[in-house]
Amino acid sequence: MPPKKFRLGVLVSGRGTNLQSILDAIGKGEVPAEVGVIISNKETAPALERGRQHGVESIFLNPKDFASREAYDRELVTLLNARDIDLVCLAGYMKILTAGFIRAFAGKIINIHPSLLPAFPGLDVQQKALDHGVKFAGCTVHFVEEEVDTGPIVLQAVVPVQDGDTTETLSARILEQEHQIYPRAIQLIAENRLRIQGRRVLIQEPE
Ligand code: GRF
């Protein structure tokens, strides 16, 4: 039997360009993994359609069908475990995960965030970076812990701010970098090349 592939579960809520970058990088053979399932909390998320076009099981899980956030996340865990998922990738997933979910996949959840963390956690961060007047913006792939946007940092990319930037132009240049570093981070994890020392994530050379 061929060795089992490293399996990703991707959680989405929206347009899914980061999901697309992961699917494309896998397709090009750059990431030794497969997307086992895509799950959205929004029925109309274009990300679901992207998944279906790639032949990946793409599920809308309706929050209204559950009595609580905890119950919703318990079902998420069940769905992911039933599909033998090794790593959960948040890709524009706009629902805060419960502690129970994060414990169930401890150390196996990553997120992409469009700022250079720990600067600008939360929402609308490209606008916040412009408002603050920073000269360098960027994006971060990090492990997910119970507190939002805080876990150990896997990769970051720096995007210089230009004088004429608007939220749209800056967001677009940051997004280009997101599409580079997210698949790369998944590749490093799939190749078992990360070592975590406290908050520091060290990257080992390939064997
Ligand atoms: C990205 O900017 C990502 O950094 C943030 O949400 C956005 C998702 O975009 N977490 P997309 O759905 O991947 O196009």
Side-chain angles (χ1 to χ4, degrees), residues 8-28 30-31 33 35 37-54 56 58-61 63 76 87-97 101-102 105 108-132 134 136-161 165-187 189:
L8 311 176
V10 185
L11 304 189
V12 296
S13 302
R15 65 191 165 172
T17 65
N18 278 289
L19 165 69
Q20 190 72 55
S21 74
I22 296 165
L23 291 167
D24 291 347
I26 290 172
K28 283 190 250 168
E30 293 168 1
V31 177
V35 178
V37 68
I38 296 161
I39 305 176
S40 173
N41 64 323
K42 299 272 183 210
E43 190 168 19
T44 56
L48 286 174
E49 194 45 43
R50 291 179 193 267
R52 289 179 188 129
Q53 281 184 3
H54 263 76
V56 179
S58 301
I59 301 171
F60 163 53
L61 192 62
L76 268 186
L87 180 71
V88 177
C89 303
L90 309 183
Y93 186 61
M94 300 304 287
K95 202 166 182 297
I96 295 179
L97 294 167
F101 185 95
I102 292 170
F105 283 94
K108 295 179 183 170
I109 312 170
I110 58 173
N111 182 42
I112 177 87
H113 181 78
S115 81
L116 291 174
L117 289 172
F120 309 117
L123 297 174
D124 300 324
V125 296
Q126 299 96 332
Q127 181 63 50
K128 285 177 185 155
L130 279 180
D131 290 345
H132 197 88
V134 297
F136 295 96
C139 49
T140 303
V141 179
H142 63 94
F143 285 102
V144 172
E145 293 182 339
E146 285 189 31
E147 207 182 320
V148 173
D149 298 333
T150 57
I153 290 169
V154 180
L155 290 176
Q156 293 186 303
V158 174
V159 175
V161 176
D165 264 333
T166 61
T167 313
E168 289 70 33
T169 58
L170 180 61
S171 299
R173 292 207 311 290
I174 292 173
L175 194 62
E176 277 176 26
Q177 294 305 312
E178 293 180 35
H179 298 163
Q180 300 298 315
I181 67 171
Y182 210 12
R184 170 79 177 146
I186 295 167
Q187 178 203 339
I189 295 169

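Counting starts at 1 for both ligands and their atoms, following the listed order. Counting begins at 1 with the first residue of the sequence.
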Report task. Distance to 0.1 Å, residue and atom name: give those for the protein heavy atom nearest to atom 4 (O) of ligand 1. Result -> Glu178 OE1, 2.7 Å
Query - Residue pair Arg50, Gln53: steps toward the side chain to side chain donor-acceptor pair (under 3.5 Å) verdict - result: CA-CA 5 Å; Arg50 291 179 193 267; Gln53 281 184 3; over 6 Å; no
Report summary line: Taken to the nearest 0.5 Å, the spacing of Ile186 CD1 from Leu87 CG works out to 6.5 Å
Query raised in the report: Polar-atom distance check: Asn111 versus ligand 1, any N or O pair below 3.5 Å?
Result: no
Requested in this report: Tell me, please, which residues at least two apart from His54 pass ring-ring contact (aromatic ring centres under 6.0 Å, His included).
Outcome: none
Requested in this report: For Gly16 and ligand 1, answer yes if some heavy atom of the residue is under 4.0 Å from a ligand atom, otherwise no.
Outcome: yes
Query raised in the report: Taking only heavy atoms of Ile112, which atoms of ligand 1 are found under 4.0 Å from at least one of them?
Result: 3 (C), 4 (O), 5 (C), 10 (N)
Report summary line: The reported gap from CZ in Arg52 to CD1 in Ile38 (rounded to nearest 0.5 angstrom) is 9.0 Å
Query raised in the report: Quick check: does Arg15 get an N/O under 3.5 Å from an N/O on ligand 1?
Result: yes
Query raised in the report: Got the closest protein heavy atom to atom 8 (C) of ligand 1, with its distance?
Result: Gly92 CA, 3.6 Å
Query raised in the report: What do the steps show when you test Leu90 against Leu97 for side-chain contact (heavy atoms from CB on, under 4.5 Å), and what is the final call?
Result: CA-CA 10 Å; Leu90 309 183; Leu97 294 167; 3.9 Å; yes
